[in-house]
Enquirer: 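Shown below is the structure under consideration.
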There are 2 protein chains.
Amino acid sequence: MHIGAAEQASGLPAKTIRYYEDIGLLIPARQQNGYRDYGRTDVHKLAFLKRARGLGFSIEDCRALMSLYGDRNRASADGKALAHTHLHRIEAKIAELEGLRGVLAHLVDACHGDARPDCPILDDLAGLLEGQA
Amino acid sequence: MHIGAAEQASGLPAKTIRYYEDIGLLIPARQQNGYRDYGRTDVHKLAFLKRARGLGFSIEDCRALMSLYGDRNRASADGKALAHTHLHRIEAKIAELEGLRGVLAHLVDACHGDARPDCPILDDLAGLLEGQA
DNA sequence: TATAAAGCCTCCTGCGACTGGAAGGTCAAG
DNA sequence: CTTGACCTTCCAGTCGCAGGAGGCTTTATA
């Protein structure tokens, strides 16, 4: 199966599939003409990678997950640990963004937003609140 | 004021301050020996940039905000529009991450996480749920 | 059979927003 | 006069690809 077909079957762009080969995530066989040759297992792995990336796992996480994926003697605890760590990262990111959202919503709310120049948003950025305190 | 002092005063690393000059965000005066020379206004602007970046505004947003910052005839509506757009981006990102969190929390919860190899997390990534349906 | 189009290959560059490091100039203190 | 801190410029690397150039091979059509 050529890379174009693997692209259709896995949902990953050919560019990405080649990149994954570059970094050693999934190295396919080659035909005599040099074309990459993907088998059914390869396509499964590509779809696996797509799903894992879609869940926000880093490439290095994916490497570890792929290793577990192909390991019959794996411990489910290992997969769980990876997912758990990743979940914590996501929760931390959410908390960070919620903090930003709070500040921004407050500022947007406080700004009348007309043609006049006085703007609490720019004032906050300029640190005038501290300056006036 | 040398860059080291500006670093202390603004809270931005010297590397970042130089980078901001490279991309034309804040170009300081130079002393005769070639050293950068930051004045009080420059330090204010650096602190302004630090605050804006800390709120997650992109560099291009910061460029626009800086322009408004220095414009006596600005309309507060412009600042509000930038902040509003940014707020929407953050909310969209939060929603996306909350989706991921939901899926991951579910998977982590479903995985017993012991020495046995069967792992709902890896099964999900492998698309076995669809395969079995 | 000739040719055009599609698909494949490798290699290089760029994105955003820095960060680290090398090689070298400048300045104040001992 | 030397040491060390501080400054300069420039280059490379980060992450995860995407875009494009230039050149094969294969396939489809006239």
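Just so it is clear: chains get the letters A, B, ... in the order the sequence lines come, proteins before strands, and each one is counted from 1.
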Enquirer: D:dC17, OP1 or OP2 - any side-chain N/O from A:Y20 closer than 4.0 Å?
Expert: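 A:Y20 to D:dC17 OP1/OP2: side-chain N or O found under 4.0 Å.
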Enquirer: Would you indicate what A:R53 reaches in the nucleic acid, counting non-hydrogen atoms under 4.0 angstrom: base, sugar-phosphate, or nothing?
Expert: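 Counting heavy atoms under 4.0 Å across all strands, the contact made by A:R53 is with sugar-phosphate only.
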Enquirer: Rounded to whole angstroms, how far apart are CD on A:E7 and P on D:dA18?
Expert: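 In whole Å, D:dA18 P lies 10 Å from A:E7 CD.
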Enquirer: Roughly, in whole Å, what's the span from NE2 in A:H2 to C1' in D:dT27?
Expert: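 Roughly 11 Å, once rounded to whole Å.
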Enquirer: Indicate, with a heavy-atom threshold strictly under 4.0 Å, whether B:I23 touches base, sugar-phosphate, or nothing.
Expert: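 The residue B:I23 makes no contact with any strand.
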Enquirer: Of the listed nucleotides (D:dT9, D:dA18, C:dC9), which one gets closest to any side-chain atom of A:P13?
Expert: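 Selected nucleotide (nearest to the side chain): D:dA18.
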Enquirer: Below the 4.0 Å mark, does D:dG16 have OP1 or OP2 next to a side-chain nitrogen or oxygen of A:T16?
Expert: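 No, outside the criterion.
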Enquirer: Specify the residue among B:E60 and B:Y35 whose closest nucleotide of DNA chain C lies further upstream toward the 5′ end.
Expert: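 Between the two, 5'-proximity favours B:E60.
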Enquirer: Is A:E98 salt-bridged to A:R101, cutoff N-O under 4.0 Å?
Expert: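 Yes, this pair counts.
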Enquirer: Examine the base of D:dG20 for any acceptor or donor lying under 3.5 Å from a partner atom in the side chain of A:K15, and report the outcome as yes or no.
Expert: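 Answer yes: a donor N or O sits under 3.5 Å from an acceptor.
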Enquirer: Measure from the side-chain heavy atoms of A:I59 and tell me the nearest of D:dC17, C:dT10, C:dA17.
Expert: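 The nucleotide sitting nearest to the side chain is D:dC17.
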Enquirer: Are B:K45 and B:L25 close enough that some pair of their side-chain heavy atoms sits under 4.5 Å apart?
Expert: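 The answer is no, as the side chains (C-beta and beyond) never meet within the 4.5 Å cut-off.
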Enquirer: Nearest whole Å is fine: how far is C:dC15 P from A:Y19 OH?
Expert: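 In whole Å, C:dC15 P and A:Y19 OH are 18 Å from each other.
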Enquirer: May I ask you to evaluate whether A:R30 reaches the phosphate of C:dT10, defined as a side-chain N or O under 4.0 Å from OP1 or OP2?
Expert: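 Answer is yes, contact under 4.0 Å.
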Enquirer: Report yes if a side-chain nitrogen or oxygen of A:R36 is closer than 4.0 Å to either non-bridging phosphate oxygen (OP1 or OP2) of C:dC9; otherwise report no.
Expert: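 So the side-chain polar atoms of A:R36 do come within 4.0 Å of the phosphate oxygens OP1 or OP2 of C:dC9, strictly under.
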Enquirer: Hey, are A:R89 and A:D61 close enough for a salt bridge, meaning a charged N less than 4.0 Å from a carboxylate O?
Expert: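 Salt bridge: yes.
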Enquirer: Looking at B:E21 and B:R18, does any basic side-chain N land under 4.0 Å from a carboxylate oxygen?
Expert: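 Looking at B:R18 together with B:E21, the answer is no, because their closest N to O distance does not fall below 4.0 Å.
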Enquirer: Rounded to whole angstrom units, what separation is found between the CG atom of A:D22 and the P atom of D:dT14?
Expert: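 Rounded to whole Å, this separation is 14 Å.
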Enquirer: I want to check something: taking the side chain as every heavy atom from C-beta on, are B:L49 and B:Y69 in contact at a cut-off of under 4.5 Å?
Expert: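 Side-chain contact under 4.5 Å: no.
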Enquirer: Would you please confirm or rule out a distance under 4.0 Å between OP1 or OP2 of D:dT26 and any side-chain N or O of A:N33?
Expert: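 Yes, within the criterion.
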Enquirer: Grab the CG-P distance between B:D37 and D:dC7 for me, whole Å please.
Expert: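 After rounding, the reported distance stands at 12 Å.
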Enquirer: Within this structure, what is the CD1-to-C1' distance between A:I17 and D:dA18, rounded to whole angstrom?
Expert: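 These atoms are roughly 14 Å apart.
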Enquirer: Could you tell me how far apart B:K50 (NZ) and C:dC18 (P) are, to the nearest whole angstrom?
Expert: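 One finds 12 Å between P of C:dC18 and NZ of B:K50, rounded.
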Enquirer: Whole-Å distance between C:dA17 C1' and B:L49 CG?
Expert: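 Result: 13 Å.
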